There are 2 protein chains.
Amino acid sequence: MSRRSGILEFAVLGLLRESPMHGYELRKRLNTSLGVFRAFSYGSLYPCLKALVQQGRLIEEPGNTSEDAVPLSGRRGRIVYRLTAEGKEHFEELLAQTGPDAWEDEHFGIRFAFFGQTSRDVRVRVLEGRRSRLEERLAKMRASLSRTRERLDDYTLELQRHGMESVEREVRWLTELIESERAGRDRRTDAPEERQSEETGGQPRHQGGNPPDPSEETT
Amino acid sequence: MSRRSGILEFAVLGLLRESPMHGYELRKRLNTSLGVFRAFSYGSLYPCLKALVQQGRLIEEPGNTSEDAVPLSGRRGRIVYRLTAEGKEHFEELLAQTGPDAWEDEHFGIRFAFFGQTSRDVRVRVLEGRRSRLEERLAKMRASLSRTRERLDDYTLELQRHGMESVEREVRWLTELIESERAGRDRRTDAPEERQSEETGGQPRHQGGNPPDPSEETT
DNA sequence: TTCGTCATGTAATGGGTTACATGATTAC
DNA sequence: GTAATCATGTAACCCATTACATGACGAA
């Protein structure tokens with residue numbers, strides 16, 4: 001019950017995979033690192049966490065994360081959430097999915113944000129999917145502009161012009177990204193299995209234990 | 001009951017002010033002219049229309065819009081909606097509002113789309129509101145980038161970089177628009193009341209009676 | 001006669017927000 | 001001792017979507 005699909009679950013699992021956190025902090029990260037697009041509220045976050053616990057993807061642990069300073073007497077309850085093995089597995093399945101959802105406006109951003117944990121071929125597929133999605137949209141916009149009836153006033157026109165430019169810009173951006181993904185050795189359907197190491201610089205995941213500084217609210 | 005505020009109502013009133021239409025056509029216009037951003041479905045449109053009728057802002061009229069060709073036997077029911085005097089008044093009130101909602105992502109686009117029917121000072125206020133909203137956002141992004149802890153991987157970084165560029169681009173766009181609005185004579189809080197005529201070319205509103213061509217689905 | 005498009009509608013659901021309630025801890 | 005921030009949670013609502021049901025009409 002309560003499918004709890006959607007973007008939030010994905011983001012939560014992704015962030016918790018990097019390191020365990022409690023809800024309050026999780027929400028902040030959601031609205032800074034990833035939150036350029038969306039801002040989540042506690043009203044959605046906590047129920048989501050609960051559901052994930054019930055599904056066995058997360059476990060709750062009592063407070064004091066790892067900070068030896070300020071050790072016990074952690075503020076009130078302070079429940080730290082950690083991914084279970086099952087949760088990890090589930091997240092990896094989600095990462096591997098390249099369904100048409102992956103390149104819709106809302107999903108794409110969050111997918112991209114976790115590209116660091118995504119295999120190269122999935123990355124490329126998502127980028128290409130996104131690009132062709134946008135190209136469809138462009139075609140439609142151009143068609144609608146050339147339809148001379150349906151006369152729009154100057155403002156509507158300006159709005160569409162600006163919109164189209166934005167989309168074109170994103171297409172160029174995607175093209176660059178795709179090329180640079182391919183540049184990392186890959187003649188397409190040849191090599192038995194890529195070794196991935198220097199491609200993105202291989203940033204270390206899971207450094208575990210965040211600095212004791214909570215940093216301020218986004219307001 | 002059923003507040004029915006939101007964006008849809010605004011768009012519906014705005015489109016119907018330009019000329020009466022039936023639901024099906026309305027929806028198409030929603031998804032082409034204005035729909036660069038949002039796509040509405042019948043499931044929201046029809047209930048909205050009904051509510052507006054109940055509130056006395058719209059009246060339903062039976063079929064055959066004004067097309068002398070294909071005169072009677074119009075496809076099934078075909079209910080044409082027309083703004084009442086009260087509806088018109090209500091829409092004008094909405095147009096005049098410059099509450100902080102007006103420059104949020106979702107609202108701004110639709111507000112802009114009806115700038116043709118908006119007075120210049122409101123236009124400027126909305127544009128400026130939007131711009132300072134985006135500038136706030138930029139400041140926040142820059143702050144979060146300079147916070148060196150909170151180390152993000154390359155992809156997250158790239159995403160934020162691209163996001164910031166997009167926002168900066170929109171800010172420049174807004175600035176140009178604001179300047180060109182001001183260029184239309186206006187030394188700010190001086191002139192008793194502007195006469196508006198040549199500012200946007202004064203496109204004729206309300207040409208009344210749309211062409212008999214329904215134009216195709218956006219699919 | 002069947003298919004595609006036009007055309008209208010409803011019930012169930014979805015995925016989130018707002019506002020509220022609670023309380024501990026820290027800084028002044 | 002009081003205000004701000006940290007921290008967790010719930011209930012009520014919002015605004016829309018999906019899937020479905022219905023049916024007329026024109027063209028192949």
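Here the structure is a predicted model, which means the values were calculated and not measured. In what follows, chains carry the letters A, B, and so on, assigned in the order in which the sequence lines appear, proteins first and then strands, with residues in each chain numbered from 1.
- Here Glu158(B) pairs with Trp173(A), Arg161(B) under the side-chain hydrogen bond (donor to acceptor under 3.5 Å, both in side chains) rule; sequence neighbours left out.
- Side-chain rings of Phe114(B) and Tyr155(A) stay apart, their centers remaining 6.0 Å or farther from each other.
- Closest to the side chain of Phe40(A), from the set dT8(D), dG16(C), dT10(C), is dG16(C).
- A search for salt bridge (charged side-chain N to carboxylate O under 4.0 Å, His left out) contacts involving Arg133(A) returns Glu104(A), not counting sequence neighbours.
- Distances were taken from every side-chain heavy atom of Ile79(A) (C-beta onward) to each of dT10(C), dT8(D), dT8(C); the shortest belongs to dT8(D).
- A straight line from CD1 of Ile110(B) to C1' of dC15(D) spans 14 Å, rounded to a whole angstrom.
- Between Leu52(A) atom CG and dG15(C) atom P there is a gap of 13 Å when expressed in whole angstrom units.
- Between the CG atom of Leu49(A) and the P atom of dG16(C) there is a distance of 13 Å, given to the nearest Å.
- For the pair Leu45(B) CG and dT10(C) C1', the computed distance is 14 Å after rounding to whole Å.
- The phosphate of dT17(D) has OP1 or OP2 within less than 4.0 Å of a side-chain N or O from Ser41(B).
- Counting to the nearest Å, the C1' atom of dC15(D) and the CD atom of Glu104(B) are 16 Å from each other.
- In this structure Thr84(B) satisfies the side-chain hydrogen bond (donor to acceptor under 3.5 Å, both in side chains) test with no other residue, sequence neighbours excluded.
- In the set dG16(C), dT8(C), dA16(D), the nucleotide with an atom closest to the side chain of Leu8(A) is dG16(C).
- Nearest to the side chain of Tyr24(A), among dG16(C), dA16(D), dC6(D), sits dC6(D).
- Note on the helix from dT1(C)-dA28(D) to dC28(C)-dG1(D): angle between the axes of the first and last five pairs equals 20°, rounded to 10 degrees.
- Among the atoms of the strands shown, base atoms are found under 4.0 Å from some heavy atom of Gly43(A).
- Within the 4.0 Å cut-off from OP1 or OP2 of dT17(C), at least one side-chain nitrogen or oxygen of Ser44(A) is found.
- Taking atom OH of Tyr42(B) as the reference point, atom C1' of dC6(C) lies 8 Å away to the nearest angstrom.
- The nucleotide whose nearest atom lies closest to any side-chain atom of Tyr46(A) is, among dT8(C), dT17(C), dT8(D), dT8(D).
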Quick one: side chains of residues 92-100 of chain A, donor-acceptor pairs under 3.5 Å with protein atoms, not counting sequence neighbours, listed by atom name and distance.
unit_1	atom_1	unit_2	atom_2	d
Glu92(A)	OE2	Arg17(A)	NH1	2.3

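- Take Arg130(B) and apply the salt bridge (charged side-chain N to carboxylate O under 4.0 Å, His left out) test, not counting sequence neighbours, and it matches Asp105(B), Glu170(B).
- For Asp101(A) and dT17(D), the CG to C1' distance is 13 Å, given to the nearest whole Å.
- Note: CZ (Arg78(A)) to P (dG9(D)) measures 14 Å, nearest angstrom.
- OP1 or OP2 of dT10(C) has at least one side-chain nitrogen or oxygen of Lys50(B) nearer than 4.0 Å.
- In this model, no donor atom of one side chain and acceptor atom of the other lie less than 3.5 Å apart for Tyr24(A) and Arg78(A).
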